[in-house]
Amino acid sequence: MQFHKYQGTGNDFVMIDDRARAFDETDQALIARLCYRRFGIGADGLILLRNKPDFDFEMVYFNADGRPSSMCGNGGRCTVAFAKFLGLISDQTHFLAVDGPHDARVEPDGTVRLRMIDVAAPQRAGVGENDVFLHTGSPHHIHFIDPAEGHGLAEFNVYGTGHDIRYDPAYDPAGTNVNFVEVPADPAQPWPVRTYERGVEDETLSCGTGVTAVALAASQRGATSPVRLQTMGGELEVSFEQLPNGGFANVWLSGPATRVFEGTL
């Protein structure tokens, strides 16, 4: 079986054209082994592209631990690029993911723009004003770093603090992803973000649903659409419309999606 490796701002995926339904999606050990960076291909997740009536294709996503997961924004953008590579779409598409239908388009410069689900207003998380929660297709806890903490994002203990919040009983049983954000002096400048992802159980170079959640939460701190976000793997952009009830609609995640290599299992 042939596979392709794609990455979107360093968030990388094993992509498999499974329109023939030949891949055993119940074999979690196999998926985990393929994603393992020392003995496998190495990836933050594995994605199956499948046929789906009334859609151009279906995206089926698995975390690096081999388990089916919630929506992956960068994975969705990479799947769109993969579908274009396979000749299934031209520049626009309508596809199905675990959180429902999505529209997307590929710009002439290769940027992939993905329409995300509508999102409810941010919820307070914890006792302070620096933590909120949003669900952007996947659950995300967001911590805005307070200068009073005495350090910036570069020195922040993303793994340790992220691990503790991810497994906090408040988020049982599924847990949550955790994003750490440094507020720029000028809200029009890129917002630096680092993310601890559940299922990977470590920091990743980028997280699409995570930066989407950060951008929406940042609108309460002076950011206006579109919001630029700087991840460890590159820059992404999120545009949106804010609703009178505090929620968000017409949410688009934009950035690069690149084919890295291919091989045979």
Side-chain angles (χ1 to χ4, degrees), residues 1-52 57-83 85-86 88 95-99 112 137-140 158-160 162-167 171-178 194-210 231-234 256-265:
M1 180 176 292
Q2 192 173 36
F3 72 88
H4 297 254
K5 177 77 173 284
Y6 274 73
Q7 63 88 12
T9 54
N11 208 184
D12 58 344
F13 310 96
V14 175
M15 314 287 298
I16 295 178
D17 177 3
D18 195 37
R19 286 175 291 171
R21 301 295 289 259
F23 189 87
D24 183 4
E25 65 184 282
T26 66
D27 193 341
Q28 293 186 4
L30 171 62
I31 296 171
R33 180 167 59 83
L34 294 176
C35 292
Y36 188 46
R37 298 192 182 278
R38 295 188 181 275
F39 294 102
I41 300 165
D44 293 327
L46 180 143
I47 298 173
L48 304 178
L49 183 150
R50 287 178 168 172
N51 290 322
K52 189 69 176 180
F57 59 88
E58 181 181 16
M59 164 191 169
V60 183
Y61 178 70
F62 301 87
N63 273 331
D65 61 7
R67 299 176 183 176
S69 186
S70 49
M71 180 58 181
C72 177
N74 285 331
R77 295 189 310 98
C78 285
T79 308
V80 171
F82 184 41
F85 171 79
L86 295 174
L88 300 180
F95 71 96
L96 184 66
V98 66
D99 61 341
V112 178
S138 286
H140 284 278
V158 170
Y159 177 82
H163 180 275
D164 290 346
I165 296 173
R166 182 261 190 266
Y167 285 103
Y171 291 117
D172 282 344
T176 185
N177 302 285
V178 189
R194 294 174 65 185
T195 301
Y196 178 100
E197 282 200 54
R198 64 173 186 173
V200 180
E201 304 309 332
D202 204 347
E203 180 177 7
T204 55
L205 293 181
S206 180
C207 175
T209 53
T231 72
M232 300 287 283
T258 305
R259 180 172 170 269
V260 184
F261 63 85
E262 66 180 85
T264 304
L265 301 178

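In terms of heavy atoms, Ala83 sits closest to Phe57 at CB-CE2, 3.5 Å. The two residues Glu25 and Ile31 make their nearest non-hydrogen contact at O-CD1, 3.9 Å. Closest of all the heavy-atom pairs between Ser138 and Asn177 is CB-ND2, 3.9 Å. The two atoms that bring Gly137 and Asp99 nearest to each other are CA-OD2, 3.6 Å, heavy atoms only. The minimum heavy-atom distance between Ala81 and Val112, with the atom names listed, is CB-CG2, 4.4 Å. Contact between Thr264 and Phe3 at its shortest, heavy atoms only, is N-CE2, 3.6 Å.
Remark: His4 engages Gln2, Tyr6, Met15, Phe82, Phe85, Arg259, Glu262 in a side chain to side chain contact (heavy atoms under 4.5 Å, CB included) (not counting sequence neighbours).
Side-chain contact between Leu86 and Asp17: present, with at least one pair of heavy atoms (C-beta onward) separated by less than 4.5 Å. Side chains of Phe62 and Ile47 form no contact here, defined as non-hydrogen atoms less than 4.5 Å apart. A heavy-atom distance below 4.5 Å is not found between the side chains of Phe13 and Gln7.
Checking Arg198, Arg37, Lys5 one by one against Asp44, the salt bridge (charged side-chain N to carboxylate O under 4.0 Å, His left out) holds for a single residue, Arg37.
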inquiry  = For Phe261 and Ile41: C-alpha separation, side-chain torsions, deciding distance, then whether side-chain contact (heavy atoms from CB on, under 4.5 Å) applies.
reply    = CA-CA 11 Å; Phe261 63 85; Ile41 300 165; 4.1 Å; yes

ask   = For Met59 and Arg50, what are the C-alpha separation, side-chain angles and deciding distance, and is it a side-chain contact (heavy atoms from CB on, under 4.5 Å)?
value = CA-CA 7 Å; Met59 164 191 169; Arg50 287 178 168 172; over 6 Å; no

request  = Would you please test Leu34 and Leu46 for side-chain contact (heavy atoms from CB on, under 4.5 Å) and show each step?
outcome  = CA-CA 8 Å; Leu34 294 176; Leu46 180 143; 3.9 Å; yes

task = Begin from the C-alpha positions of Val14 and Ile16 and carry the test side-chain contact (heavy atoms from CB on, under 4.5 Å) through to its verdict.
result = CA-CA 7 Å; Val14 175; Ile16 295 178; 4.3 Å; yes

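With rounding to the nearest 0.5 angstrom, the CG atom of Asp18 is 8.5 Å from the CG atom of Leu49. Here the SG-OH distance, from Cys78 to Tyr61, works out to 10.5 Å after rounding to the nearest 0.5 Å.
Look at Arg33 and Asp27 and you find no salt bridge, because none of the NZ, NE, NH1 or NH2 atoms lies under 4.0 Å from a carboxylate O. Remark: Arg166 engages Glu201 in a salt bridge, criterion side-chain N to carboxylate O under 4.0 Å. A salt bridge does not link Glu58 with Arg19: none of the charged nitrogens is closer than 4.0 Å to a carboxylate oxygen.
Side-chain N or O atoms of Thr176 include one that pairs as donor or acceptor with a backbone N or O of Pro139 at under 3.5 Å. With Thr195 contributing its side chain and Glu197 its backbone, the two residues share no donor-acceptor pair below 3.5 Å.
With hydrogens and angles left out, the side-chain atoms of Asn11 and Thr204 include no donor and acceptor closer than 3.5 Å. At a cut-off of 3.5 Å, with distance as the only test, a side-chain donor of Ser69 or Asn63 sits close to an acceptor on the other residue.
A tilted orientation is assigned to the rings of His163 and Tyr167, their planes being inclined by 30° to 60°.
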